[in-house]
Each structure stands twice: as structure tokens, then as C-alpha cells.
Amino acid sequence: MSERLPGPVACVCGPTASGKSAVADLVASSVGCPVVSVDAMQVYRSMDIGTAKTPASERAAELLMVDVAGFDEPYSVALFQRDARACVDRSLARHGCAVLCGGTGLYLDAVIDDMDFPAGDAASKSRARYEALANEQGPQALWDLLRQRDPKSAEAVHPHNVRRVVRALELADQGASYAERTRHLRRRKPRYDALIWALVPERDALYARIDARVDEMFSAGLVDEVKALADAGIRKSPTASQAIGYKEVLAALDGQCTLDEAKEAVKRSTRRYAKRQLSWIKRDGRATVIPMGETSPEQAAWIIEGQLRRSREARR
RNA sequence: GGCUGGGUAGCUCAGUUGGUAGAGCAGCGGACUGAAAAUCCGCGUGUCAGGGGUUCGACUCCCUUCCCCGCCA
């Protein structure tokens, strides 16, 4: 008999602009626990408009794992895993359940599954060295190096994917193997008793919502927010400066395009991001899909609350 | 009304002496364990405006209808 997993942990996911924040807030306030955000960019302070953080005044439940890092610190999955799990464990201890909400698939898996990241620094020295090699001799040369060092991992990574090739080499330096760590979902062990829902709007409706939301961000002052961050040095950050909405406006501020073009670029990037999120959700396969065309946020929350309640009762 | 130029993928357009069509952007699908809103891989999605004719064969040539741009009335 295996030991019972801690839980239940309700995970509300879905593509950007699917309405998951509102739904998670309803669920959490109804059961009386906080919402733990699972979002790679909302962790950064001062990035509010572009990351669509729900203002405190519009929230009924407390929101955790937001504003936990400065935009100048490179945050990462491993740090997120550590910090978010602490939030989840505290919520389980105090409230008997936890509610997660977010669209960053890798971050969600890192929290709820038994993924482990090798101890040690985030390999900054060797990373720079390998990147330089790729720049000087080309991606293929770097991949060839990986093939010599760790053929199995080379097989698992496309030669053009310099970022992954670099990471695989870093792992090889630490005596670990990218290929071994990259196991399919099915072979991972869950860490929590997780219930996962995916809010999925129809594609046309989703894209219309994305367009509207980007327009709102610009009228709410996104450009000023980015200007302030640019003055504060966000361009030096390898992570925060790549956030959708920020990188495009930064390009416009640098004179590479007009602000109108930047706005269109933000919409396009967001659509593509939403597609990648849907891809992740589909592959994962664990989520119960709630089609948002026919379902209001209140109805979705009601469905989730019901299942969450049953799960809590079953644990007693 | 007359005369030009044009109607080809969602958009902008290319298409060579007639052999059922291809670029960019958009889009679609996928992978993904320390940058993940990142990074990478794959895929043309088409009544060639409609109808007729010539031809073995028409997006290509001819006739005709419709629509758009421009110029002249």
C-alpha cells in the first residue's frame, strides 16, 4: 500500500485570457484558502499590467507566488518549485486544501510532480562558455560536442535548439544526463493528490479576448510601465525582459518599430503562446477540460468546487 | 457610359513559349526537467471571380458576365 499523497490540490489551468484567474479566485474564496499563482512572469515585481496580474482590489482570495522576485534576478523553475511547494504545504496544513492557478506548464509540473533539479548553481560560467562556442562555431559544432559527451542526450535534442543543447552540456558537466531526466509524464510520480482542470475557450473567442486584453493593457499604461522598467535596467535581465508585452514594447522604445506595430506583435506573440499552452495541456492529458464557450466563470467555479468538496470528504 | 489596369491561399503578391500553382506574413500541429510568456521542430491550408470556347491538355489564348482601382465623360 502506497502512502496517501497530501491534498487535495486544485489546479486551474488554461491558456492566457481563458479566465482562469477569476475562476480560481472564486474557488479559493469559497473554500477559504489562498490562490497560488503558477506563472513564470507574475513572479516579478513591477511587472503588473503586461503580466495581467489581478489587482488586489479585484480579488477575494489572497494571491501567493506573485511579486516574489525583482526583475533583475533571474528566477527559475527550481526556485519556483521550492517556493511554491512551501505555499502549497502551508495551505494544506492550514486549510486542508490548496488552489493553484496558472499557465506555465513546466512550473505546474515542477510543483505537483516529483521532478527534481540537480543541486548547485545555475551553471552561469559554463553556460556563457557554451553559448560563446555556439556563436563562434555554430550550433552544429556545439551539438557535435554534446554528441561526444552524451550521445543519448544529443539524440533527444535538436541541433538547432542551442538553449537545450547548452543545458544538456551543463548537466553533463555535473555528471547528470539530460536524456535521463527528460522522462515522459507517465513515468513521473505525483507529489500531491492533484485535481486538474483546463479552461478552454473556442479558438476564435480566445483570440478576440486576447486582442481586447492587449488593447486594454496599452490603454492602461503598458508603455509607461515598460519605460520605467527600461530606465531601471530591465534590458539586462535575461528572463523578465523576454516577457510578452515587454520585449515588443522595448523594441519599439529602441526604435526598431512603431508602438502600433509593437501592439500587433504583442497580440501575435500572445496567440502563439496560447497555442503552446494548449499543446502542453493536451499532451499532459490529466486535465478535465471545461469548454468556456458554454460555461460562465461562476459555473466553472461551481463545477470545480463540487469536485473539490467531494475529494475532501473522501479523504476523511 | 467610355478607356486603362486588375480579380490566384486568411492578407500582400509571383506564376516563365499552355502541362491542374508558390513566396512572405498570418494560421495550424507538435516537442519541451534550472531562461519556459523562453527555446526548438513540422505543415500550403486553393471552385486560380463566374460561364462558354479553342486545345490531348487552359491560371495562362479567345468570347462573355460580374466585381474592384484609376483616368475620361
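So that the names make sense, note that chain A is the first sequence line, chain B the second, and so on, each numbered from 1.
- Salt-bridge annotation for A:R127 and A:D173: absent, with no side-chain N of the basic residue lying under 4.0 Å from a carboxylate O of the acidic one.
- If you check every strand for non-hydrogen atoms under 4.0 Å, A:R82 touches nothing.
- When each of A:Y207 and A:E248 is assigned the nucleotide of RNA chain B with its nearest heavy atom, A:Y207 is the one assigned upstream, toward the 5' end.
- Under the 4.0 Å criterion applied to side-chain N and carboxylate O atoms, A:K53 and A:D48 are assigned as salt-bridge partners.
- Between B:C11 and B:G30, the two P atoms lie 26 Å apart (nearest whole Å).
- When both distances must be under 3.5 Å, the Watson-Crick or G-U wobble mate of B:G46 does not exist.
- At a threshold of 4.0 angstrom between heavy atoms, the contacts of A:R272 are confined to the sugar-phosphate backbone, with no base atom among them.
- OP1 and OP2 of B:A35 both lie 4.0 Å or more from every side-chain N or O belonging to A:S76.
- Checking B:C59 for Watson-Crick or G-U wobble geometry (two distances, each under 3.5 Å) identifies no partner in any strand.
- One can place CE of A:M41 at 6 Å from P of B:A37, the figure rounded to the nearest angstrom.
- Contact annotation for A:Y107: backbone-only contact, meaning every heavy-atom pair under 4.0 Å involves sugar-phosphate atoms and none involves a base.
- OP1 or OP2 of B:A31 sits under 4.0 Å from a side-chain N or O of A:S279.
- Under 4.0 Å is where a charged nitrogen must lie from a carboxylate oxygen, and between A:R147 and A:D144 at least one such pair does.
- The side chain of A:H158 contributes no N or O atom lying less than 4.0 Å from OP1 or OP2 of B:A31.
- Atom NZ in A:K236 sits roughly 18 Å away from atom C1' in B:A35 (whole-Å rounding).
- Close to B:A37, at under 4.0 Å from its OP1 or OP2, lies no side-chain N or O of A:K247.
- With hydrogens and angles left out, the side chain of A:N161 and the base of B:A31 share no donor-acceptor pair within 3.5 Å.
- As rounded to whole Å, 15 Å separates atom P of B:A35 from atom CD of A:E73.
- If you take CZ of A:R276 and C1' of B:G30, they are 12 Å apart, rounded to a whole angstrom.
- B:C25 is paired with B:G10 under the Watson-Crick or G-U wobble criterion, all donor-acceptor distances under 3.5 Å.
- Screening A:D113, A:D114, A:D89 for a side chain to side chain donor-acceptor pair (under 3.5 Å) involving A:Y192 leaves a single residue, A:D89.
- For the pair A:I281 CD1 and B:A37 P, the interatomic distance rounds to 12 Å; values are reported in whole Å.
- Among the protein residues, A:E131 comes within range of the nucleic acid bases, having at least one heavy atom under 4.0 Å from a base atom.
- The partner of B:C40, taking Watson-Crick or G-U wobble pairs whose two distances both stay under 3.5 Å, is B:G30.
- As a whole-Å value, the separation of A:R268 CZ from B:C28 P is 13 Å.
- Here B:G34 presents its P atom at 13 Å from CG of A:L169, a figure rounded to the nearest Å.
- If you take atom P in B:U16 and the same atom in B:C62, they sit 14 Å apart, rounded to whole Å.
- Taking the P atoms as reference points, B:U33 lies 24 Å from B:C28, given to the whole Å.
- Base contact: A:G50 has a heavy atom under 4.0 Å from a base atom.
- Separation of the C1' atoms belonging to B:C59 and B:G7 is 12 Å when rounded to the nearest angstrom.
- Taking the charged nitrogens against the carboxylate oxygens, A:D67 and A:R45 have no contact shorter than 4.0 Å, which rules out a salt bridge.
- Nucleotides B:G22 and B:U8 have their C1' atoms positioned 10 Å apart, rounded to a whole Å.
- Nearest-nucleotide positions on RNA chain B for A:L171 and A:A243 put A:L171 closer to the 5' end.
- Rounded to the nearest Å, the gap between the P atom of B:C61 and that of B:A14 is 15 Å.
- The existence of a salt bridge linking A:D193 and A:R4 is excluded, since no basic side-chain nitrogen approaches an acidic carboxylate oxygen closer than 4.0 Å.
- A sub-4.0 Å separation between OP1 or OP2 of B:G29 and a side-chain N or O of A:K275 is present.
- Within the 4.0 angstrom heavy-atom criterion, no nucleotide atom of any strand lies near A:S269.
- In terms of phosphate contacts, A:R283 brings no side-chain nitrogen or oxygen within less than 4.0 Å of OP1 or OP2 of B:G30.
- Spacing of C1' atoms, B:A58 relative to B:U47, comes out at 15 Å, to the nearest Å.
- Between A:D39 and A:K20 there is no salt bridge, since none of the side-chain N atoms of the basic residue sits less than 4.0 Å from a carboxylate O of the acidic one.
- Counting only heavy atoms from C-beta on, A:K282 has its side chain closest to B:G30 among B:G30, B:C32, B:A37.
- Between the OH atom of A:Y44 and the C1' atom of B:A35 there is a distance of 8 Å, given to the nearest Å.
- Rounded to the nearest Å, the gap between the P atom of B:C63 and that of B:G24 is 36 Å.
- Distances shown here put a side-chain N or O of A:R271 below 4.0 Å from the OP1 or OP2 atom of B:G27.
- In terms of phosphate contacts, A:R203 brings a side-chain nitrogen or oxygen within less than 4.0 Å of OP1 or OP2 of B:G29.
- At the phosphate of B:G34, OP1 or OP2 sits under 4.0 Å from a side-chain N or O atom of A:R167.
- Of the options A:R209, A:Q277, A:R213, a side chain to side chain donor-acceptor pair (under 3.5 Å) to A:T16 is made by A:R213 and by none of the others.
- The side chain of A:Q42 sits closest to B:A37 out of B:G27, B:A37, B:A36.
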